[in-house]
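Structure, as structure tokens:
First the proteins, then the strands, lettered A, B, ... as listed; each starts at 1. Given the structure is predicted, the values throughout are model-derived calculations rather than measurements.
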Amino acid sequence: MVPYSDPPSQYNWLRQDAVTVAKLLLSYELVSQIGGTETAGRIVETEAYCGEIDPASHAFRGPTLRTAPMFEAGGQIYVYLSYGIHTCMNIVAGPAGTAGAVLIRALEPSRGVNTMQTRRRTTNLWQLCSGPGKLTQALGIGLALSGSRLGAELSLRAITPGPIPETIIAGPRVGISRAKDLPWRFTIADNKFVSKR
DNA sequence: GGAATGATGTACT
DNA sequence: GTACATCATTCCG
């Protein structure tokens, strides 16, 4: 028998800090198998939330029932309800206990566009996944997925062998009231599918 | 037990 | 640009 170690995973790179992971995720496609049809989009906008040291993070005041998935090792999925209506999805980053997370804020639609259009009740490609609540609706992501891990219903696919050729822009995060000035929102320069302009 | 609060999206003026 | 829908979670008393 080999001594105990972490299970082999193609997702071990997610155990880096949330800011690093937020930038690396911009070279990946987020793929959903939910509902039996594959839907997917390239990640073009992310935000890093840095656990108990970040006043804007849901993990800032320590673990709760809701935020428990954030305290697992990188690769966990954390979904929460926003404004009573919208679900937003995070990929947990860092070693277990650090509670880093990356909010996925926008996708460039790539697969299952027809299904996404039906779920979103719009045919406008630019508006299918251009916001954290929009993309969860398009991919069929609900609260029940919180606490699951990447690799089953949701997975990541590399788009480029290495870093993306485009420039990554860093700026302040959207819609928060604390730690407004930290430049932890990352977008692909000039991409037309991000949530703002 | 009760009230305040959002990591938002859409519709309307 | 402003209004508001809508509810799980959190915090306070």
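- With respect to the salt-bridge test (charged N to carboxylate O, under 4.0 angstrom), the residues A:Arg157 and A:Glu38 qualify.
- Atom OH in A:Tyr80 sits roughly 13 Å away from atom P in C:dT10 (whole-Å rounding).
- Bounding nucleotides for the chain A contact on DNA chain B, 5' to 3', at a heavy-atom distance below 4.0 Å, are B:dG6 to B:dT10.
- Look at OH on A:Tyr78: it is 9 Å from P on C:dT9, rounded to the nearest Å.
- Residue contacts shown for A:Arg120 are limited to sugar-phosphate atoms, with no base heavy atom under 4.0 Å away.
- A donor-acceptor contact shorter than 3.5 Å links the side chain of A:Glu45 to the backbone of A:Ser195.
- Nearest-nucleotide positions on DNA chain C place A:Tyr83 closer to the 5' end than the other of A:Tyr83 and A:Leu65.
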Could you walk me through whether A:Glu47 and A:Val174 pass the side-chain contact (heavy atoms from CB on, under 4.5 Å) check? CA-CA 9 Å; A:Glu47 281 177 3; A:Val174 175; 3.6 Å; yes

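- Note: A:His58 and A:Tyr78 have perpendicular aromatic rings, judged against thresholds of 30 and 60 degrees for the angle between ring planes.
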Under the 3.5 Å Watson-Crick or G-U criterion, the dot-bracket string of DNA chain C, with | for inter-strand pairs: |||||.||||||.

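- The nearest pair of heavy atoms linking A:Glu29 to A:Ala40 is OE2-CB, 3.7 Å.
- Summarising the geometry, the separation between NE2 on A:His86 and P on C:dT6 is reported as 11 Å, rounded to the nearest angstrom.
- With the nearest nucleotide of DNA chain B identified for both A:Gln137 and A:Gly84, A:Gly84 has the one nearer the 5' end.
- Checking A:Glu166 against A:Asn191 by side-chain atom types alone, no donor-acceptor pair falls below 3.5 Å.
- Within the 4.0 Å cut-off from OP1 or OP2 of C:dT10, at least one side-chain nitrogen or oxygen of A:Arg66 is found.
- For the pair A:Ser177 and A:Leu135, nearest-nucleotide mapping onto DNA chain B gives the more 5' position to A:Ser177.
- Results of the side-chain hydrogen bond (donor to acceptor under 3.5 Å, both in side chains) test with A:Gln137 over A:Arg120, A:Arg121, A:Arg119 single out A:Arg120 as the only residue that passes.
- No engagement by A:Arg173 is indicated, since no non-hydrogen atom pair under 4.0 Å with the nucleic acid exists.
- The minimum heavy-atom distance between A:Leu125 and A:Pro109, with the atom names listed, is O-CG, 4.0 Å.
- Across all strands shown, A:Leu81 has heavy atoms under 4.0 Å from sugar-phosphate atoms exclusively, and none from any base.
- When each of A:Thr39, A:Leu145, A:Thr115 is checked for a side chain to side chain contact (heavy atoms under 4.5 Å, CB included) with A:Leu139, only A:Thr39 meets the rule.
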